[in-house]
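Treat the numbers as computed from the prediction; the structure is a model and nothing was measured. Start at 1 and go down the list; that is how both ligands and their atoms are numbered. In this chain, residues are counted from 1 in sequence order.
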Amino acid sequence: MLTLGIESSCDETSCAVLRNQDELLSNIVSSSLFKHKAFGGVVPEIASRHALEQIDTVLQEALDTAKVSLDQIDLIAVTHGPGLIGSLFVGVSFAKALAFQMKKPLVGVNHLEAHLSANFIGPEEPDQYVGLLVSGGHSCLTYHERGQIALLGETVDDAVGEAFDKVAKLLGLGYPGGPIIEKMAKEGDAKKFSFTYPKQSQRFGFSFSGIKTAVRLLVEKEVHSPQSTDHSEQLVKIVDRGPSTVDSKFIRDISASFQSTAVSWLVKKTMDAAEFKNVKDVVVGGGVSANQYLKEKLETAGQAQGIQVWFPPRALTIDNAGMIARRGWDLYQKGFRSSMNLTGVPNLVLAV
Ligand code: KG4
Ligand code: ZN
C-alpha cells in the first residue's frame, strides 16, 4: 500500500511516499526558513505563499524519487492542524483536490501526533508508552495505550522550542534559536548561571517563560542598558568580536546554562511520568528532539530507570511529510476516513 503524505502547517512544504508503514520511498522538504530569517521568526503570509508556490514541484519530486506515479497512490494523508491557517489551507486544499480527482481515500492528520509517529517508520510502535512532544509551538507529555492517547500535562506558557528561539533572539543569535544555542552551549559553562525551578500546580506540566525572562535580565545587566528590551544588535557586535572575548564567553555560558536547565526540567518531568505510568518506553518527537544534549540526558536517565528512550532519525525531527504519511497509514488501518469537509484547524488538539 502506498501513502502520499502532505505537510504544510508552518514554514516547511513537504510531500512523501510511504510503502506500507515501514518503507519511506521519498520525503521531500522545501523550507521557507531563509525567507523568514530577516524577520526573526516565521511570517505567516510568507510561509503560506511559499507553500502555494512550491507544493506542485515538491509533489512531483516526491513521486519521481519514489519512482511511482500518482495513480499508484492508495491513500492521501494531510496535516490539518495545528499550525498557521494559510499554510494549512494550502496543504488541505491540495490534498482534497487530489483525493477528489483520483477517487482515493483521504485522512486528516494531527501534526503533533505525527511527530511521535516519526519514530515508527520501521520499528513497531510499543503498546504502551509516554510521549514527550517538544516543538516550537508545543511541549507536552502524553500517555499512549494501544492507540489511545491521554494528555498528562503541557506547558502553561511558552513551548520549549519557543524558549530556545526567544533566548537566541535576546542573545542576537538569529532564528531558529535551537540549533545555534546548542552549538554555543558546547563551549559554554553550564554551571555559570542558575535559574529558579518554576512553581507549578500541574505535576506533568512545564513552564518556560520564567527562564526566558531571567535570561533577558542577565542580558540587560551585561549590556548595561536596563531600559531596552532587545539587545540583539549590541550582542551581535559582541559575537562578531570572536570567540576569545569575554563577552562572547557570556553568550556561550548563558546558552549552556539555559540549555542544561531547560533540558533538566524536561528530563525530570518525563522520567516522573514514565514512573507514574509504569511504562518501559518513552517516545520523543518535535523539532527540539534534534537536540543531542537532550538525547544524551534522556537516554542516560532512561538507562538508570530501565526505560528505552526513542528519538526519531534526525531527518525526521523537522516538519516533514514522512511522519504525516506514517500517522495517516495508522489512522486508515483503524478505519478513519476524512470527508471533503476536511479543513485546516489552527488550534487542533490531540485526539484524547
Ligand atoms: O517541530 P518544529 O519543526 O516546528 C513546530 O511544529 O513547531 O520545531 C521547531 C522548533 C524551533 O523552536 C527550533 O528552535 C527547535 O524546534 N529546534 C531545536 C533544535 N533544532 C530545532 N531546539 C533545540 N535544539 C535543536 N538542535
Ligand atoms: Zn512540528
- Task: Evaluate side-chain contact (heavy atoms from CB on, under 4.5 Å) for Phe311 paired with Leu298, printing each intermediate quantity in order.
- Result: CA-CA 10 Å; Phe311 273 78; Leu298 257 181; 3.9 Å; yes
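Annotation: side chain of His50 is not in contact with side chain of Asp11 (no heavy-atom distance under 4.5 Å). Using a 4.5 Å heavy-atom cutoff, the side chains of Phe195 and Ser257 are in contact. Looking at Leu350 and Glu113, their side chains come closer than 4.5 Å, going by heavy atoms from C-beta outward.
Look at Asp272 and Lys268 and you find no salt bridge, because none of the NZ, NE, NH1 or NH2 atoms lies under 4.0 Å from a carboxylate O.
In summary, the atoms of ligand 1 found under 4.0 Å from a heavy atom of Gly177, numbered by their order in the structure, are 14 (O). Close contacts between ligand 1 and Gly137 involve ligand atoms 7 (O) [criterion: under 4.0 Å to a heavy atom]. Those atoms of ligand 1 that come under 4.0 Å of a heavy atom in Gly161, given as number and element, are 12 (O).
The closest approach between Pro179 and ligand 1 falls below 4.0 Å for a heavy atom of the residue.
For ligand 1, the polar-atom distance check finds no N/O of Ile318 at less than 3.5 Å from any of the ligand's N/O atoms. Polar contact with ligand 1: absent for Pro176 (N/O pair, distance under 3.5 Å). No N or O atom of Glu12 sits closer than 3.5 Å to an N or O atom of ligand 1. Taking distance alone, with nitrogen or oxygen atoms compared against 3.5 Å, Gly178 approaches ligand 1 more closely than that limit. Residue contacts with ligand 1: Gly136 is placed with a nitrogen or oxygen under 3.5 Å of a nitrogen or oxygen of the ligand (distance criterion only).
Side-chain contact check for Gln128 and Tyr143: at least one donor-acceptor pair (N or O, by modelled atom type) lies under 3.5 Å. Donor-acceptor pairing under 3.5 Å is recorded for the side chains of Ser69 and Gln72. A side-chain donor from one of Asp157 and Ser207 sits under 3.5 Å from a side-chain acceptor of the other.
Heavy atoms of Gln292 found under 4.0 angstrom from ligand 1: none, in either backbone or side chain. Looking at Asn291 against ligand 1, both its backbone and its side chain come within 4.0 Å, counting heavy atoms. When non-hydrogen atoms are compared, ligand 1 lies under 4.0 Å from the side chain of His115 (C-beta onward) but not from its backbone.
Of all protein heavy atoms, the one lying nearest to atom 2 (P) of ligand 1 is Asp319 OD1, 3.5 Å. The protein heavy-atom contact nearest to atom 26 (N) of ligand 1 is Glu182 OE1, 2.8 Å. Ranking protein heavy atoms by distance to atom 15 (C) of ligand 1, first place goes to Val288 CG2, 3.9 Å. Looking at atom 6 (O) of ligand 1, its nearest protein heavy atom turns out to be His111 NE2, 3.2 Å. Among all protein heavy atoms, the one lying closest to atom 12 (O) of ligand 1 is Asp165 OD2, 2.7 Å. Counting only heavy atoms of the protein, atom 17 (N) of ligand 1 lies nearest to Gly287 O, 3.6 Å.
Annotation: Phe193 is not in aromatic contact with Phe258 [ring centroid separation under 6.0 Å not met].
The CD atom of Glu154 lies 10.0 Å from the CG atom of Leu112; values are rounded to the nearest 0.5 Å. Distance CD/Gln21 to CD/Glu125: 10.5 Å, rounded to 0.5 Å.
As for Asp319, its N/O/S atom nearest the Zn ion (ligand 2) is the one called OD1.
By the 30° and 60° cut-offs, the orientation of the rings of Tyr129 relative to His144 is parallel. A perpendicular orientation is assigned to the rings of His111 and His115, their planes being inclined by more than 60° (bins at 30° and 60°).
Here His111 reaches the Zn ion (ligand 2): one of its N/O/S atoms is less than 2.8 Å from the metal. Because the distance cut-off is set at 2.8 Å, His115 qualifies as a neighbour of the Zn ion (ligand 2) through one of its N, O or S atoms.
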